[in-house]
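Have a look at the structure below, then the notes.
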Amino acid sequence: MIIRKVKFEDYSEIKSLANKFNISVYSKSNWEDIWKENPRLKNKDINWTIGWVLINDEKIVGHLGNIPTQYFFNQKKYNGSIISCWVVEPEYRLHSIRLIKEYHTQSGTDFFLATTSNIKTVKALQTFEWQKMPNKEYDNKLNIILNFKKVYNSYIKKKFKKNNLLFKIIYNFLNLILYTKINTWKKFKKNKNFKIYKKFDKEFDKFWEKIKLEKNDKFLFNRSSEWINWHLNNKIIENESLILAIKENNQIIGYAICINKYDSSVNMKKAVLIDLMLLKKNEQSAFDLILSCLNESLKTDCHLFQMVGFDYEKRKYMHKLKPFIRKNKFSPYLFKSKNLELSDFLKNKNSWYPSELDGDSIF
């Protein structure tokens, strides 16, 4: 049993292993672009390991991915790593700890993130002194149903694997009872117009410089156009992202990003709000952006609109729309930092502005 660094040639075996455990992996070119197009790795002087594999009899039986990321706090840049696609065949899971030990030995990182952990991953990481991200709102998903029939049928298919006459009767009853709540968002009118962008450009860089000053007490992913376009790369290519911006005096004062996610096993299509950023004096525009995202998601036949994380101010506007709240059974978002100053700062829930833009949620 050996461990070695991942090579791009390992793609087919890694994808096959991940798919066995219902972990989706991008197409080969888009998977490679996660590292080849990463802004930090364009500095040729950086020696980065893209991951590690566990091998038995020349076959890959385990994998742990290593994705570079970058955050800002108090105008200072911090380089980090996202743990991704940690998967090991059941009979070799005693050796999975060897993968995380290799991961922890890497240098040049100020912090580590894990945002898509399962229960077993959480327990394993906590053994190595990873901590739960303290903003508990990340564990409560806010959902607006755009197509109740589709959402209901998806739930029945996932829960019961069938849909008979009884379930159809229940659907009609629930549709009547929940009609007002489901359609609450349609009663509101937005006050400001928005512009749709295909990707981030220099206009957003000017906005990002203002945000860094206003929110210098938050731990924020680098939202420069270079980093955001890298992070959204596959969704932009597949036309599965939505970028809306509100402008005043020809300058961006706020934006929202949604991406589409699919669950083919239950025929579910949802739009996920992964970022919502505004200058402080324009917080009310958050409501207009959320409503605009809802309308655009409806146009693209999404069945569900979902918001994960964010701060109290942003969630306050979402709560106006009477969302359905789904609480996770556990927190999937953990962190670890070798930098003692940064580690202490991140223990405070007010230091975070968490969303699905963080980590590998959209990879």
Side-chain angles (χ1 to χ4, degrees), residues 69-76 78 80 111 113-115 131-144 185 188 190 192 194 204 207-224 227-228 231 243-246 252-259 271-294 305-328 331-335 337 342 344-359 361-362:
T69 190
Q70 192 173 88
Y71 279 63
F72 277 83
F73 156 58
N74 199 22
Q75 300 297 301
K76 184 177 178 181
Y78 292 90
F111 64 93
L113 290 182
T115 62
Q131 300 176 66
K132 292 181 181 179
M133 192 272 297
N135 189 324
K136 300 301 182 184
E137 292 298 339
Y138 191 85
D139 302 335
N140 297 322
K141 296 181 178 180
L142 306 183
N143 296 300
I144 301 291
W185 71 273
F188 292 92
K190 58 185 178 65
K192 292 184 179 179
F194 61 87
F204 289 93
F207 175 76
W208 168 234
E209 291 303 317
K210 295 175 184 177
I211 286 293
K212 276 197 295 184
L213 288 172
E214 280 199 358
K215 299 185 184 296
N216 64 356
D217 59 339
K218 300 291 184 184
F219 190 56
L220 294 177
F221 173 70
N222 187 336
R223 285 167 166 81
S224 67
W227 275 92
I228 290 277
H231 206 36
I243 302 169
L244 305 180
I246 292 178
I252 292 173
I253 61 168
Y255 72 77
I257 305 173
C258 287
I259 62 166
V272 182
L273 183 67
I274 65 167
D275 201 17
L276 182 61
M277 192 63 68
L278 295 108
L279 297 174
K280 288 179 182 177
K281 65 179 181 179
N282 297 292
E283 284 289 310
Q284 182 64 39
S285 297
F287 197 52
D288 291 319
L289 282 167
I290 292 171
L291 288 174
S292 299
C293 286
L294 277 161
F305 181 87
Q306 188 173 83
M307 180 173 176
V308 183
F310 299 102
D311 58 17
Y312 169 77
E313 285 297 322
K314 308 302 184 300
R315 293 177 73 89
K316 177 180 68 176
Y317 296 117
M318 188 71 172
H319 277 292
K320 281 186 178 183
L321 306 176
K322 306 297 181 186
F324 292 86
I325 302 174
R326 181 185 174 193
K327 183 174 177 60
N328 283 349
S331 178
Y333 195 145
L334 294 94
F335 74 95
S337 178
L342 181 62
D344 285 342
F345 169 72
L346 294 179
K347 290 175 183 177
N348 183 344
K349 71 174 184 178
N350 295 321
S351 302
W352 295 82
Y353 186 79
S355 75
E356 289 212 3
L357 185 65
D358 296 323
S361 298
I362 67 174

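Because the structure is a prediction, the values reported are computed rather than measured.
Here CG of Asn348 is found 4.0 Å from OG of Ser351. Values are rounded to the nearest 0.5 Å. Here Ile211 contributes atom CD1 and Lys218 contributes atom NZ; the two are 12.0 Å apart, rounded to the nearest 0.5 Å. For the atom pair CE of Met318 and CG of Leu291, the computed distance is 10.0 Å after rounding to the nearest 0.5 Å. In this structure, the separation between CD1 on Ile274 and CD1 on Ile228 is 7.0 Å, given to the nearest 0.5 Å. Summarising the geometry, atom CG belonging to Leu244 is positioned 4.5 Å from atom SG belonging to Cys293; distances are rounded to the nearest 0.5 Å. Glu214 CD to Lys281 NZ: the interatomic distance, rounded to the nearest 0.5 Å, is 8.5 Å.
The distance between the ring centers of Phe111 and Tyr78 does not fall below 6.0 angstrom. For an aromatic pair to be called close, the ring centres must be under 6.0 Å apart, and Phe335 with Trp352 satisfies this.
Shortest non-hydrogen contact noted between Lys327 and Asn140 is CG-OD1, 3.2 Å. Between Tyr138 and Met133, the shortest heavy-atom contact is CB-CE, 3.5 Å. The two residues Leu357 and Arg223 have their closest heavy-atom pair at CD2-NH2, 3.6 Å. Counting all heavy atoms, side chain and backbone alike, Phe207 lies closest to Gly254 at CE1-N, 3.7 Å. Closest approach of Leu342 to Ser337, counting heavy atoms only: CD2-OG, 3.7 Å. Considering all non-hydrogen atoms of both residues, Ile252 and Leu279 come closest at O-CD1, 4.5 Å.
Checked by atom type, the side-chain pair Asp358/Tyr71 shows a donor-acceptor distance below 3.5 Å. Checking Ser285 against Lys192 by side-chain atom types alone, a donor-acceptor pair falls below 3.5 Å. Residues Gln306 and Asn143 bring a donor and an acceptor atom of their side chains to less than 3.5 Å of each other.
A donor-acceptor pair under 3.5 Å is formed between the side chain of Asn135 and the backbone N or O of Glu137. In this structure, the side chain of Lys136 does not engage the main chain of Ser331 through any donor-acceptor pair within 3.5 Å. For Ser355 (side chain) and Asp275 (main-chain N/O), no donor-acceptor pair under 3.5 Å exists by modelled atom type. Side-chain atoms of Lys141 never come within 3.5 Å of backbone atoms of Met307 as a donor-acceptor pair (strictly under, hydrogens ignored).
With contacts defined as side-chain heavy-atom distances shorter than 4.5 Å, the pair Leu334/Leu113 does not qualify. Contact annotation: the side chain of Asp288 never approaches that of Phe188 to less than 4.5 Å [non-hydrogen atoms, C-beta and beyond]. Using a 4.5 Å heavy-atom threshold, the side chains of Leu321 and Leu294 count as touching. The side-chain heavy atoms of Leu278 and Glu313, taken from C-beta on, include no pair separated by under 4.5 Å. Using a 4.5 Å cut-off on side-chain heavy atoms (C-beta onward), Pro332 and Asp139 make contact. Residues Ile257 and Leu273 are not in side-chain contact: their nearest non-hydrogen atoms beyond the backbone lie 4.5 Å or more apart. Using a 4.5 Å heavy-atom threshold, the side chains of His319 and Leu142 count as touching. Contact annotation: the side chain of Phe221 approaches that of Thr69 to within less than 4.5 Å [non-hydrogen atoms, C-beta and beyond].
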*asked:* For a side chain to side chain contact (heavy atoms under 4.5 Å, CB included) check, start with the C-alpha distance between Asn282 and Ile246, then their side-chain angles and the critical distance, and finish with the verdict.
replied: CA-CA 10 Å; Asn282 297 292; Ile246 292 178; over 6 Å; no

*Given side chain to side chain contact (heavy atoms under 4.5 Å, CB included), test Gln284 with Tyr317 step by step and report yes or no.*
CA-CA 8 Å; Gln284 182 64 39; Tyr317 296 117; 3.6 Å; yes

*Walk me through it: do Lys314 and Glu283 pass the test salt bridge (Lys or Arg N to Asp or Glu O under 4.0 Å)?*
CA-CA 8 Å; Lys314 308 302 184 300; Glu283 284 289 310; 3.2 Å; yes

_Apply side chain to side chain contact (heavy atoms under 4.5 Å, CB included) to residues Lys320 and Ile290 and explain how you reach the verdict._
CA-CA 11 Å; Lys320 281 186 178 183; Ile290 292 171; over 6 Å; no

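Each of Phe73, Phe310, Phe219, Tyr312 was checked for a ring pair (Phe, Tyr, Trp, His ring centres under 6.0 Å) with Tyr353, and the lone residue meeting it is Phe310.
Both the sub-6.0 Å distance and the 45° axial angle are satisfied by Lys212 relative to the ring of Phe72. Phe287 does not carry Lys190 over the face of its six-membered ring by the limits of under 6.0 Å from the centre and within 45° of the normal.
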